[in-house]
Amino acid sequence: MTNYEVMSILDPALEDEKKDATVETVKGIIAAEGEVGNVDVWGLRKLAYPIQKKSEGYYVVIEFKAEPTLPKELDRRLKISDNVMRHLIVNKDEK
């Protein structure tokens, strides 16, 4: 299994329950085929440039281990989610 990290920026206008539900959904997608590691919630941060006319975002970083096929599926599911403004999946083992 390979070590990965996904950073996602959630819509700051969401209620806390929806933010938590979105994080749990991502963890569920990962847990289906991999292992969820450290979940680091950074909270509300100012964005470097506006995204969807918003100047702030709710940052969440999740470390996980998975087979190389999981990041493609996770990427696809995060792209169609209305709650996620941006995301980035990084292979931590790649040098």
Side-chain angles (χ1 to χ4, degrees):
M1 291 220 268
T2 309
N3 289 313
Y4 293 98
E5 180 178 87
V6 59
M7 173 184 271
S8 51
I9 305 173
L10 307 181
D11 190 341
L14 295 172
E15 297 98 33
D16 288 339
E17 296 84 28
K18 285 196 176 185
K19 290 175 187 171
D20 293 340
T22 303
V23 171
E24 290 302 318
T25 303
V26 173
K27 285 168 53 177
I29 295 167
I30 294 168
E33 296 181 38
E35 300 172 17
V36 178
N38 186 30
V39 178
D40 192 10
V41 178
W42 291 8
L44 209 58
R45 298 277 174 107
K46 186 162 175 46
L47 300 172
Y49 56 90
I51 300 173
Q52 300 171 1
K53 298 185 180 177
K54 295 178 176 74
S55 61
E56 291 184 325
Y58 189 81
Y59 283 74
V60 179
V61 179
I62 301 174
E63 296 177 4
F64 64 98
K65 289 183 181 181
E67 297 300 324
T69 56
L70 180 66
K72 274 188 177 177
E73 175 64 15
L74 182 60
D75 182 52
R76 185 187 72 78
R77 304 250 316 251
L78 289 174
K79 279 182 184 174
I80 61 176
S81 173
D82 291 335
N83 298 341
V84 179
M85 296 193 313
R86 289 282 194 280
H87 69 278
L88 178 67
I89 302 172
V90 178
N91 181 341
K92 293 177 74 178
D93 291 341
E94 203 170 274
K95 304 242 174 187

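Any value given below was found using the heavy atoms of this structure, including those in side chains, with hydrogens, waters and symmetry copies removed.
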Testing the basics here: between [X] and [Y], what is the closest heavy-atom pair and its distance to 0.1 Å?
X   : Y   : result
E56 : L44 : OE1-CD2, 3.5 Å
G57 : M85 : CA-CE, 4.2 Å
P71 : P68 : CD-O, 3.5 Å
I29 : L70 : O-CD1, 3.8 Å
V61 : M7  : CG2-CE, 3.6 Å

Would you kindly confirm whether [X] and [Y] end up in one hydrophobic cluster when ILVMFWY residues are joined by side chain heavy atoms under 4.5 Å apart?
X   : Y   : answer
Y59 : I51 : yes
V23 : V36 : yes
L10 : V6  : yes
L47 : Y58 : no

Contacts of type side-chain hydrogen bond (donor to acceptor under 3.5 Å, both in side chains), residue [X], not counting sequence neighbours:
X   : result
N83 : T22
K27 : E24
D20 : none
E5  : none

Is the count of non-hydrogen atoms from other residues, nucleotides or ligands lying under 6.0 Å from K18 atom NZ greater than 12? no
Does L88 sit in a hydrophobic cluster with other residues, and if so which ones, taking ILVMFWY side chains as linked at heavy-atom separations under 4.5 Å, directly or through other members? V90
For the CG atom of L78 and the CD1 atom of I9, what is their distance to the nearest 0.5 Å? 12.0 Å
Sequence neighbours excluded, every pair satisfying salt bridge (Lys or Arg N to Asp or Glu O under 4.0 Å) that has a member inside residues 57-66: E63-K92
Applying ring pair (Phe, Tyr, Trp, His ring centres under 6.0 Å), which residue pairs with at least one partner in [range] are found, sequence neighbours left out?
range          : value
residues 15-40 : none
residues 5-27  : none
residues 4-28  : Y4-F64

Side chain to side chain contact (heavy atoms under 4.5 Å, CB included) against E73, all qualifying residues, sequence neighbours excluded: R76, R77
With a 4.5 Å cut-off on side-chain heavy atoms, are V84 and S8 touching? yes
Could you list the residues that satisfy salt bridge (charged side-chain N to carboxylate O under 4.0 Å, His left out) with K72, not counting sequence neighbours? none
Quick note, side chain to side chain donor-acceptor pair (under 3.5 Å) partners involving residues 31-52, not counting sequence neighbours, are D40-W42
Between N91 and N3, does a side-chain contact (heavy atoms from CB on, under 4.5 Å) hold up when you go through it step by step? CA-CA 6 Å; N91 181 341; N3 289 313; 5.8 Å; no
